[in-house]
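Structure record follows, encoded as structure tokens.
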Protein chains: 2
Amino acid sequence: MAATLRDVAKLAGVSFKTVSNVINDYPHVRAATREKVERAIAELGYKPNLNARSLRSGRTDTIALAVPELNLSYFAELAGMVIAAAEESGLTVVVEQTGGDRDRELALLRSPRLSMTDGLILSPLGMGQEDADALDVLFPLVLLGERTFDWPCDHVTMRNTEAARAATEYLLASGRRRIAVIGEYEGEVMGSARLRLRGYREALAAHDVPYDASLVVRATLWHRADGARAMHELLDRDVPFDAVFGFNDTMALGAMRVLQEAGRRVPEDVAVIGFDDLDEAAYSIPSLTTVDPGREWLARTALETLLARIAEEGPKQPPQTELADFTIVERESAPRN
Amino acid sequence: MAATLRDVAKLAGVSFKTVSNVINDYPHVRAATREKVERAIAELGYKPNLNARSLRSGRTDTIALAVPELNLSYFAELAGMVIAAAEESGLTVVVEQTGGDRDRELALLRSPRLSMTDGLILSPLGMGQEDADALDVLFPLVLLGERTFDWPCDHVTMRNTEAARAATEYLLASGRRRIAVIGEYEGEVMGSARLRLRGYREALAAHDVPYDASLVVRATLWHRADGARAMHELLDRDVPFDAVFGFNDTMALGAMRVLQEAGRRVPEDVAVIGFDDLDEAAYSIPSLTTVDPGREWLARTALETLLARIAEEGPKQPPQTELADFTIVERESAPRN
DNA sequence: GGACCGGTTTGCATCGTTGTAGAATTTCGG
DNA sequence: CCGAAATTCTACAACGATGCAAACCGGTCC
């Protein structure tokens, strides 16, 4: 069907290996020959069969990216950034959705599908420290996530605890004292929920504000609806609060919506701060003060780290952890003062 | 490095072809042999090399999905649905971003990268009727889009004009008469912008409401910022209006935000209706009335259509167009009455 | 007892490419 | 104008799988 090297070779009157040499910019090809071959390539519309190339060369120029769900804006935007960065390096990206499910994450790590890729960038949610062994794999693997386990592979992550602490201190500095938290998730051993909660508690402790468990609301998937549900739950508890820290923007927006329905003014009655700096955080009513965890940097660095691993020869370097810098983006939902 | 058929065969004491037979569920394999082989497979942790398989069999069990940007929630959610549906069929999905750029769309159609896939689902934005030839390709191709050109390939799309007309009539029925439109884009020959504008005009005409060009605001990329910018432009024009029809939810949300900043009450002063029914439409303040173009159905049908094309043998069936049913989702930004 | 017959297993060619090694050709100093 | 050293090109063997067809096996039939 499609033209092959041999078809081109026949038309150009050279051996098929010469065509291969032209395509691969092998230096010792006479200009006249090269031109002849290129004309034949153009005439037949020849395109190399990348499967055959991969089989022979062992490189696929494809990577896999696994995120929980594209439905979550945070991961959609992150995936977009990774794909764009990969495109710049001439790489193709296979996107997998794990649903944040531990079993699916583990299954993916063992999947034969990975034989079609040079490596994997994984944003794990469900896995825990007990699964560390599953991460000790033969192929290049970079964890792009918010978790800071002790893991036997490269890891690009954000300063969860510090950022959460800074966010909480930001609220404290603006005079809030009853700060609710949305997104706690005890099923998660040491993921972002735990780390952010730790930052929150550190900030409280540093300012002698007592920790009150009735201000902490659980949410697992961190969807908008989870934020809304969590806020309903908080309102039902009927405890006073003057600020809310959503562990991601999506939940913060869902929560803010419910708050306003309930007649609470944001930020006058309740200040709201999120985490992620999604595009939409700038456009909500009121616009959402949030933490930018350094997403663009995370995406690019994850890719670069993976590429370095792929290019690596000889003895494996020890795993590295890269940390992004965060910033607090001040907007209306939580003014500085 | 990784185990191959031959390694397994040696361990099991059979020919490598028998191992292949076991893997492919070839029926005439003795139970004892099968078990022997399976034990060897397990012991070595053998995983088939999918590149080699694809080279030989011609099937990759991978499809490509090209959307403008994952940054746009509509496409992110759509991509998520396609990937999930593909996963159910055991397919891997390569995601490409075109930026809605004509040249990149055309380049993708000619890309050798497609040789790694069985087919392509493309959401074109930049291409026009003059590019129809580029769509007459040798590989299975399904257009998943909002455009209704006369195109030489399968096409899964929505009832743009009817839906836009219905949205406009919904606003008219609620008593609005000065209905602004955001998202017109003259650079686009017959894409969703044009079709939706047509529906808008049909509705106006049917109700004897004059068409007023000063109520039509242009926007190209349909991002949130474009909606915001468009609304600023509209406000600057200082023409009266009592409703806004955003050609997608993202712009409608951006516009609504600006409206409210400008002191207009939604829906009292201005009703707002969008198009797409994004997840977030349910959580804005006020929640956004919008058109659900049948996204889930679109995603699944695009995949099914592509799979049918891939499975097709013999003479090519003529291209088909599949149309999704839409519904209007009533929310707060534009109550029915 | 040999032909015949399922069911079972195997050998070989092949997919389209790249790597290696060597053959053919050109270049050039002497 | 010869011989050596480049340069240019080609032949052949992989990569790891599947498809095809032939070989094998034990049992049945005549």
Side-chain angles (χ1 to χ4, degrees), chain A residues 1-38 40-41 44-62 112-118 138-139 313, chain B residues 1-38 40-41 44-62 92 111-118 138-139 313:
Chain A
M1 195 99 203
T4 73
L5 278 186
R6 313 180 112 87
D7 300 325
V8 176
K10 190 179 294 174
L11 182 63
V14 295
S15 89
F16 79 93
K17 183 65 232 254
T18 299
V19 180
S20 170
N21 287 338
V22 169
I23 290 169
N24 293 295
D25 286 322
Y26 179 71
H28 303 302
V29 178
R30 225 180 326 164
T33 313
R34 164 162 283 130
E35 200 192 339
K36 222 171 23 176
V37 170
E38 274 166 354
I41 288 179
L44 294 177
Y46 167 78
K47 286 179 221 128
N49 180 318
L50 299 187
N51 268 305
R53 175 178 291 177
S54 298
L55 173 59
R56 181 61 240 236
S57 69
R59 296 262 325 226
T60 64
D61 288 332
T62 298
R113 288 152 82 130
L114 292 175
S115 70
M116 290 199 324
T117 68
D118 292 337
L138 295 170
F139 53 85
E313 301 189 9
Chain B
M1 197 96 204
T4 74
L5 277 187
R6 313 179 113 86
D7 300 325
V8 177
K10 189 179 295 176
L11 183 62
V14 295
S15 87
F16 79 94
K17 184 65 235 247
T18 299
V19 180
S20 169
N21 287 339
V22 169
I23 289 169
N24 294 294
D25 285 322
Y26 179 72
H28 303 303
V29 177
R30 225 183 325 165
T33 313
R34 163 161 284 129
E35 201 192 337
K36 223 173 19 178
V37 170
E38 275 165 353
I41 288 178
L44 294 177
Y46 167 79
K47 287 177 221 132
N49 179 317
L50 299 187
N51 268 305
R53 175 179 289 175
S54 298
L55 174 60
R56 183 61 241 241
S57 69
R59 295 265 321 229
T60 64
D61 288 332
T62 298
T92 303
S111 166
R113 289 151 81 130
L114 292 175
S115 68
M116 289 198 326
T117 68
D118 292 337
L138 295 171
F139 52 86
E313 301 189 8

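Letters A, B, ... are given to chains in the order of the sequence lines, protein chains preceding strands, and every chain is numbered from 1.
- In this structure, B:Arg53 reaches the D:dT18 phosphate: one of its side-chain N or O atoms is under 4.0 Å from OP1 or OP2.
- Listed nucleotides: C:dG11, C:dT17, D:dG16. Nearest to the side chain of A:Asn49: C:dT17.
- In this model, a side-chain donor or acceptor of B:Arg56 finds a partner on the base of D:dT18 within 3.5 Å.
- Using a 4.0 Å heavy-atom criterion, one finds that B:Thr4 contacts the sugar-phosphate atoms exclusively.
- For D:dG19, the OP1/OP2 oxygens have no side-chain nitrogen or oxygen of B:Ser57 closer than 4.0 Å.
- At a threshold of 4.0 angstrom between heavy atoms, the contacts of A:Tyr26 include nucleobase atoms, whether or not backbone atoms are also involved.
- Within the 4.0 Å cut-off from OP1 or OP2 of C:dT18, at least one side-chain nitrogen or oxygen of A:Ser20 is found.
- One end of the helix from C:dG1-D:dC30 to C:dG30-D:dC1 points its axis 60° away from the other end's axis, with each axis taken from 5 pairs and the angle rounded to 10°.
- Of all nucleotides listed (D:dG16, D:dC9, C:dG19), D:dC9 comes nearest to the side chain of A:Arg30.
- Nearest nucleotide to the B:Leu55 side chain, out of D:dT7, D:dT10, C:dC15: C:dC15.
- Considering only side-chain atoms of B:Val14, the nucleotide from C:dT10, D:dA17, D:dA11 that sits closest is C:dT10.
- With distances taken from any side-chain atom of A:Phe16 to the nucleotides C:dT8, C:dT18, D:dT18, the minimum falls on C:dT18.
- Side-chain N or O atoms of B:Ser115 include one that pairs as donor or acceptor with a backbone N or O of A:Leu50 at under 3.5 Å.
- Nucleic acid contact for B:Ser54: none, since no nucleic acid atom lies under 4.0 Å from a heavy atom of the residue.
- The phosphate of C:dG16 (OP1 or OP2) has no side-chain N or O of A:Arg6 nearer than 4.0 angstrom.
- One cannot find a donor-acceptor pair under 3.5 Å joining the base of C:dG16 and the side-chain atoms of A:Lys47.
- When atom types are taken as modelled, the side chain of B:Asp118 and the backbone of B:Asp61 share a donor-acceptor pair closer than 3.5 angstrom.
- Looking at heavy-atom distances under 4.0 Å, B:Thr18 makes contact with a base.
- Exactly one residue among B:Ile23, B:Asn21, B:Val22 makes a side-chain contact (heavy atoms from CB on, under 4.5 Å) with B:Val19. That residue is B:Ile23.
- Among the heavy atoms of the strands lying under 4.0 Å from B:Asn24 are primed sugar atoms or P, OP1, OP2 only; no base atom is included.
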